[in-house]
Amino acid sequence: AETEKGVAEAEMIEANKQSHIALSSELATLSAAQVASLPQKSLLMAVESISLAREVGGSSPAEGEELLRKLLAETGGIPSGMPKVPATANTVSPKGHWLATGNSDGTIQLQEVTNPSAAHLVLTTHGGAVNVIAFSGDERWLAGGDANEDIFLWDLTNPQGTSIRLNIPRAGGPQTALSFSSDGHRLAIATASGGIQLYDLPSAVPSKEPVVKNNGWIQTGRGITAIA
């Protein structure tokens with residue numbers, strides 16, 4: 001009886017695997033067929049196809065990458081040409097001028113979206129993997145937080161200039177979100193432990209000290225994943 005039960009379970013697992021592979025293949029075919037008429041849907045189906053196949057070992061990472069590269073090329077996507085290190089965070093500036101990509105090696109790279117052929121700017125102050133990135137509304141300031149729980153600011157009127165490291169109390173835990181106020185005068189920092197910290201950003205030099213003085217944190221009592 002136990003042997004029969006084991007055989008039945010193995011057959012069920014194999015049937016489920018084959019079902020996933022078949023659905024993955026169907027989604028890949030539909031994705032390729034609809035890339036011209038429904039490019040966004042096509043890319044989403046391609047991602048889902050890869051995800052399903054990987055769950056059961058039905059495709060290799062190289063096959064999935066090749067599918068996405070093909071679809072992105074056909075939808076008019078422009079390769080970023082970023083270094084081959086794992087990207088850990090990315091965002092586009094509010095006016096669509098910059099693409100910022102944070103990497104596991106502690107760098108943030110800036111690419112001009114409006115001029116993709118321009119050389120990338122590399123910001124290298126971070127000592128750990130970059131977790132969060134944010135632009136101010138006027139695209140003057142770029143803020144980035146890393147795995148060492150440090151926050152740095154760059155003035156994008158001179159992005160290759162010296163960065164500003166904010167004085168962050170170590171009671172808040174890893175940063176999970178950054179957000180500039182609509183007028184660009186303050187930066188809010190949120191953490192996984194539920195802390196929110198505010199910094200003033202005068203027109204010349206931002207304040208390195210937090211606005212709130214009770215240990216530097218407004219405590220919400222729960223982890224924060226987004227602020228606005």
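Remember, predicted model here, so these are calculated numbers, not experimental data.
The OG atom of S136 sits 12.0 Å away from atom CG of L178, with the distance rounded to the nearest 0.5 Å. A distance of 9.5 Å separates CD of E14 from CG of N16, quoted to the nearest 0.5 Å. The distance from atom CD of Q109 to atom CD1 of I133, rounded to the nearest 0.5 Å, is 10.0 Å. Atom CD of E112 is separated from atom CG of L121 by 7.0 Å, given to the nearest 0.5 angstrom. Atom-to-atom distance recorded for S104:OG and N131:CG is 11.0 Å, nearest 0.5 angstrom. Of the inter-residue distances, the one linking H185 atom NE2 with D200 atom CG reads 9.5 Å to the nearest 0.5 angstrom.
A donor-acceptor pair is defined here as one N or O able to donate and one able to accept, closer than 3.5 Å; such a pair exists between the side chain of T88 and the backbone of G102. Within the 3.5 Å criterion, the main-chain N or O of V122 finds no donor-acceptor partner in the side chain of T107. Between the side chain of D138 and the backbone N or O of R140, at least one donor-acceptor pair lies under 3.5 Å. With hydrogens and angles disregarded, a donor-acceptor distance shorter than 3.5 Å links the side chain of D146 to the backbone of E149.
Side-chain contact annotation: S93 with E139, donor-acceptor N/O pair under 3.5 Å present.
At a threshold of 4.5 Å between non-hydrogen side-chain atoms, the residues I164 and W154 do not count as touching. Using a 4.5 Å heavy-atom threshold, the side chains of W141 and L156 count as separate. Side-chain contact between V130 and V132 is absent, with no heavy-atom pair separated by less than 4.5 Å. Counting heavy atoms from C-beta on, the side chains of L142 and L123 come closer than 4.5 Å. Counting heavy atoms from C-beta on, the side chains of V92 and W98 never come closer than 4.5 Å. Within the 4.5 Å cutoff, no side-chain heavy atoms of L153 are placed close to those of Y199.
In this structure, the side chain to side chain contact (heavy atoms under 4.5 Å, CB included) partners of L27, at least two apart in sequence or on a different chain, are L23, M45, E48, S49, L52.
Nearest heavy atoms, T101 versus A87: CG2-CB, 3.8 Å. Contact detail for L198 and A188: the closest heavy-atom pair is CD2-CB, 3.7 Å. The minimum heavy-atom distance between L99 and V113, with the atom names listed, is N-CG2, 3.6 Å. When every heavy atom of I108 is checked against every heavy atom of A100, the shortest pair comes out as CG2-CB, 4.4 Å. Taking every heavy atom of both residues into account, F180 and A143 meet most closely at CZ-CB, 3.8 Å.
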Verdict with reasoning, R165 to I151, per side-chain contact (heavy atoms from CB on, under 4.5 Å): CA-CA 6 Å; R165 180 180 177 276; I151 296 290; over 6 Å; no

